[in-house]
**Student:** 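Here you go, one structure.
All chains are named by letter (A, B, ...) in the order of the sequence lines, taking the proteins before the strands, and each is independently numbered beginning at 1.
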Amino acid sequence: MSTPVLRTEDITRIYRTGAVEVQALRGVTMELSEGEMVVLLGASGSGKSTLLNILGALDLPTSGRVFFRDTELTRATDRELTRFRREHVGFVFQFYNLMPALTARENVGLVTEISEDPMRPEEALERVGLGHRLDHFPAELSGGEQQRVAIARAIAKRPELLLCDEPTGALDSATGISVLEALCEVNRDLGTATALITHNAGIQAIAHRVIHIADGQIAREEINATRLDPKDITW
Amino acid sequence: MVSALDRKALRDLLRLWAQVLAIGGVLACGVMVLVLGSGTRASLEASRAAYYERQRFAEIFADATRVPETLLPEIAAIPGVARLSPSIRTSAVIDLPGVSEPVSADVRSLPVSGRDPVLNAPLLRAGRMPDPLHPDEVALYAPFAEARGLMPGDRLSAVIEGQRRSLTVTGHVLSPEYIYTIGPGSMMPDDARFGVLWIGQDAAAAATDMNGAFNSLALQLARDAVAPAVISALDRLLAPYGGTGAHDRSDQISHAFLQSELEQLGAMALILPPIFLTVSAFLVNMVLSRLIALERAQIGLLKAVGYTTGAIATHYLKLAAGIALIGTVVGWGAGWYLGAAMTRMYADFFRLPWLIYAPSAWPFVLSALLALLTTLSGAGRAVWASVRLPPAVAMSPPAPPVYRRGLIDGLGAWAHLQQTTMMILRAITRWPGRAAVTVFGVAASVSVLIASFFTYDAIDLMVDEIFTRANRQNVTLILASARNESALDDARALPGVIRAEGAFVLPVRLRNANREELSSLTAHPEHSELSRLIDDKGRQVQLPDHGLVLPEGLAGKLGLAPGDMVTVEALAPPRETWAVPLTATIRQTLGQDAHIAAPALFGLMRQTPQVNQINLQVDATQMDALNAAVKSTPAIAGIADWTRTRSQFTATIEENLSISTVIYSALGMLITLGVVYNAARIRLSERVHELASLRVLGFSRGEVAWVLVGELMLLTLIGLPVGWAGGYGFAALVVQGFSTDVVALPLVVNRQTFAYASLIVLATALAAALVVRRRLDRIDIVQALKARD
Ligand SMILES: Nc1ncnc2c1ncn2[C@@H]1O[C@H](COP(=O)(O)OP(=O)(O)O)[C@@H](O)[C@H]1O
Ligand SMILES: [Mg+2]
């Protein structure tokens with residue numbers, strides 16, 4: 001649990017909308033190691049999503065550098081970034097972002113079709129406990145089920161990195177916990193390095209390591225001596 | 001296996017079926033018109049080509065008074081002449097038992113050998129060809145035989161060159177020279193009143209006193225021949241023998257009519273499709289922009305999971321291609337089906353022995369490519385703008401539209417407009433591009449309808465001009481040869497004649513420098529009350545005392561302006577050449593004849609006035625008696641019945657027009673339907689929050705619907721005047737495309753036409769908007785408020 005998969009060096013991100021400038025990140029240096037489960041905790045607007053987007057190469061920092069193993073993502077071309085996302089990263093978002101026109105199986109297939117050594121979509125869905133919902137469209141699934149489809153979609157390509165932006169943000173506690181359980185299982189069984197954003201402080205207990213973000217910076221970091229199982233956390 | 005993304009594309013097409021069909025329908029119209037017009041044209045051309053080839057239709061035609069056969073070697077020696085076929089040609093009046101009206105016919109000779117003529121061979125449809133040894137045998141033009149029920153074995157009596165002969169019908173034939181057949185002085189084919197007789201050469205020679213001579217010649221050219229050179233050489237050889245001017249196929253009546261019809265079909269295939277394609281491109285753009293805006297987050301996700309920009313763009317372009325595919329298939333189907341029907345209709349009208357429905361492949365390929373290009377170019381901008389977004393931006397919802405204060409607000413405050421009306425105005429000014437598409441679409445609809453309906457106005461005017469103002473005679477007698485004016489007195493003595501006026505018609509060649517045209521020069525008597533010269537404004541043109549009056553088109557072709565001198569070569573006795581000033585040009589709807597005052601012409605001829613046609617005003621109840629008298633008068637070679645021509649003319653035109661009007665009205669309505677329906681659906685999807693909020697605030701369904709329907713109807717109203725202007729311009733294009741040497745369609749658009757087109761479009765737009773309103777009424781307010789875009 002020591003080799004860093006992903007590493008940032010003093011990254012900043014400034015958004016410009018018209019004349020207004022918002023500094024969302026003010027120098028963040030961090031790393032994510034193999035098999036690690038990290039929770040990024042912070043208030044709304046503190047810059048968590050901005051950081052996660054940069055980690056997943058959905059966005060580029062205004063300054064600073066990002067490395068995936070030995071590759072510097074901040075120097076990569078658009079094409080290389082796309083390949084990086086395609087081969088190594090799985091995303092889970094707060095609002096699931098499923099394609100409404102595709103069934104659960106097809107939503108996962110969307111990713112397995114363009115991956116090199118993916119799981120079968122059925123296998124990925126079984127892993128998140130949705131083996132019986134293969135041919136349902138998103139509109140026919142509950143919120144928790146939709147999020148689990150999103151997780152299945154994220155892990156089906158066997159990514160090295162799993163980036164989750166408030167995956168339980170839109171869910172009630174029982175459903176939220178089932179989603180966290182699915183994520184922990186994946187992290188444990190596949191050894192996928194996982195970064196999970198939340199503003200729900202209770203969730204930090206499931207992490208190996210917790211990074212507190214405030215005002216675009218890392219406020220502090222702590223390592224959990226003992227991790228809790230998702231079903232034991234206080235929501 | 002179909003990829004997940006392709007499945008999404010398919011499901012999107014199915015989900016958006018109504019919008020897809022609305023666009024596909026408009027696109028299909030463009031495809032259909034292209035396939036239909038060019039397919040029908042190609043089929044008719046192929047049928048004609050095969051017919052010409054098989055029956056060896058000539059390329060050069062010449063008539064003369066009497067040419068000795070000894071001249072043939074000299075003609076054959078003209079460089080470029082490959083084959084030649086002399087024959088005898090005259091006319092006949094046919095006397096059918098129990099038929100009072102006059103029936104006339106062309107008489108054509110068949111070679112002595114009993115073999116088919118070298119050129120212009122008739123095609124036997126029933127029975128057999130006449131035996132050259134039996135001078136009493138005749139083959140009849142099949143449509144005439146059918147119209148009169150004359151079967152092989154039947155006998156008929158004909159007056160040829162003043163001699164009554166009894167003939168036995170041996171067979172029915174068609175001929176490449178008579179695909180479109182009109183009798184002398186007539187305007188429409190009339191199979192019951194005009195026929196063609198083929199008799200043996202000896203019989204023809206005996207009747208016309210042409211032993212060892214001929215009066216009609218057909219030539220086929222060698223591959224490298226220069227037609228104008230051959231024509232000049234031929235004219236020089238035939239001049240001493242009364243040659244009336246050799247000409248190529250473009251002056252052969254049957255060929256010229258068919259050709260101009262084919263060109264009209266070609267024009268139709270060119271004028272209309274661009275409109276439909278343009279509208280479709282805008283519609284695709286409108287619908288895909290909206291779809292992509294709705295799917296921003298999905299695009300972001302696709303990028304997040306590693307789809308390339310190209311793959312995502314391809315996905316949306318596939319949607320556009322799917323619309324193109326639907327439009328193409330529907331358009332092909334409709335085009336193929338209507339093309340076959342239309343070809344059959346033409347085949348009824350033109351006497352082709354067979355029909356090769358052979359639409360060539362290129363209109364299909366071209367229309368498919370155009371459809372694809374159209375939708376792709378429509379999609380291009382929308383797709384490009386959105387797939388360019390960085391993935392993180394695409395994932396976040398778009399910023400709410402920025403409305404600005406502007407003129408509209410001042411207007412609203414000043415006019416105390418309701419807030420819902422203000423919403424309409426703001427939406428229009430906020431998305432001027434989309435409003436413009438709707439206005440453009442409505443205008444295109446109105447234009448197509450006007451361009452279709454105005455033909456009725458034009459034809460009405462034409463009919464009025466031709467039959468009420470210009471030709472007030474109900475009968476024209478065609479004399480066998482020119483007579484002096486005493487013939488008028490004889491005509492006045494005929495039964496039922498109220499008024500008789502003479503005319504003198506002379507075949508001429510008009511020349512200006514190196515340009516020349518064959519025409520026919522009509523000498524009008526002074527104070528003519530019956531046959532008058534009318535310009536396109538319906539005014540009577542007073543012929544100047546001297547000089548020539550030419551139709552604008554003909555003057556243009558010759559490069560002449562009033563004041564210029566024209567060389568006029570008479571191709572019939574007195575066969576002189578005069579230099580005459582062009583005194584005026586007129587716009588004429590029908591015909592390309594030159595006009596001159598009778599005293600002026602006879603002054604040039606240094607002869608006493610003559611007539612070879614007599615126009616009559618006749619008591620309608622006495623027509624039978626008149627016909628009977630005409631039949632027994634050998635000096636009268638033919639008779640044209642204007643009353644009958646008029647009813648035939650209107651009937652034929654109305655029949656042809658009603659079909660095309662139905663088609664074009666449907667096409668025009670489809671554009672409005674496609675545009676307004678799509679605009680309404682998009683607006684509804686964009687504003688569903690706003691509209692649901694209005695309902696929450698206590699606005700009634702009707703008031704909320706007004707925001708949606710009102711905007712569309714306002715845009716439709718704005719589109720109408722644009723469409724009027726467009727329709728007028730479009731009508732001008734149609735006039736240009738459809739005017740031929742034979743007919744110049746006048747450009748008139750009546751007020752009713754503007755009104756009808758506008759009403760139809762308004763009603764269609766309202767229907768389309770109301771269909772969408774029903775969706776609005778069914779929307780669950782709470783759901784709509786909750787749903788994220
Ligand atoms: N696309 C953007 N344009 C402008 N400002 C943005 C954009 N995305 C985020 N921000 C701003 O950057 C700051 C950090 O946002 P974000 O990373 O989304 O925070 P968090 O995810 O912690 O809630 C916020 O002030 C937010 O308003
Ligand atoms: Mg966030």
**Student:** Applying a criterion of heavy atom separation less than 4.5 Å, what residues of residues 305-317 of chain B form contacts with chain A?
**Tutor:**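 Listed by number, the contacting residues are B/V305, B/G306, B/Y307, B/T308, B/T309.
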
**Student:** Hey, which residues of residues 68-87 of chain A are touching chain B, say heavy atoms under 4.5 Å apart?
**Tutor:** A/D78, A/T82, A/R85, A/R86

**Student:** Is A/R153 close to chain B through its backbone or its side chain, or both, or neither, when contacts mean heavy atoms under 4.5 Å?
**Tutor:** side chain

**Student:** At a heavy-atom separation under 4.5 Å, does A/Y15 approach chain B through its side chain, its backbone, both, or neither?
**Tutor:**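 Neither part.
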
**Student:** Verify the neighbour count for atom CZ of A/R158: are there more than 12 heavy atoms of other residues, nucleotides or ligands below 6.0 Å?
**Tutor:** yes

**Student:** Under 4.5 Å heavy-atom distance to chain A, tell me which part of B/L302 shows up: side chain, backbone, both or neither.
**Tutor:** side chain

**Student:** Would you say A/E116 has more than 12 foreign heavy atoms packed within less than 6.0 Å of its CD?
**Tutor:**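 No, because the 6.0 Å sphere around CD of A/E116 holds 12 heavy atoms or fewer from other groups.
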
**Student:** Taking everything shown except A/H136 itself, do over 12 heavy atoms lie less than 6.0 Å from its NE2?
**Tutor:** yes

**Student:** Rounded to the nearest 0.5 Å, how far apart are CD of B/Q298 and CG of A/L98?
**Tutor:** 9.0 Å

**Student:** Looking at every non-hydrogen atom in both residues, tell me the closest pair between A/L102 and B/A4 and how far apart they are.
**Tutor:**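 Heavy atoms only, the tightest pair is CD2-O, 3.2 Å.
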
**Student:** Rounded to the nearest 0.5 Å, how far does CG of B/L5 lie from CD of A/E106?
**Tutor:**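 The CD atom of A/E106 sits 11.0 Å away from the CG atom of B/L5.
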
**Student:** What's the separation between atom CZ in A/F93 and atom CG in B/L301, rounded to the nearest 0.5 Å?
**Tutor:** 6.0 Å

**Student:** Is it the case that atom CZ in B/R15 sees more than 12 heavy atoms from other parts of the structure closer than 6.0 Å?
**Tutor:** yes

**Student:** To the nearest 0.5 Å, how far apart are CZ in A/F137 and CZ in B/R11?
**Tutor:** 4.0 Å

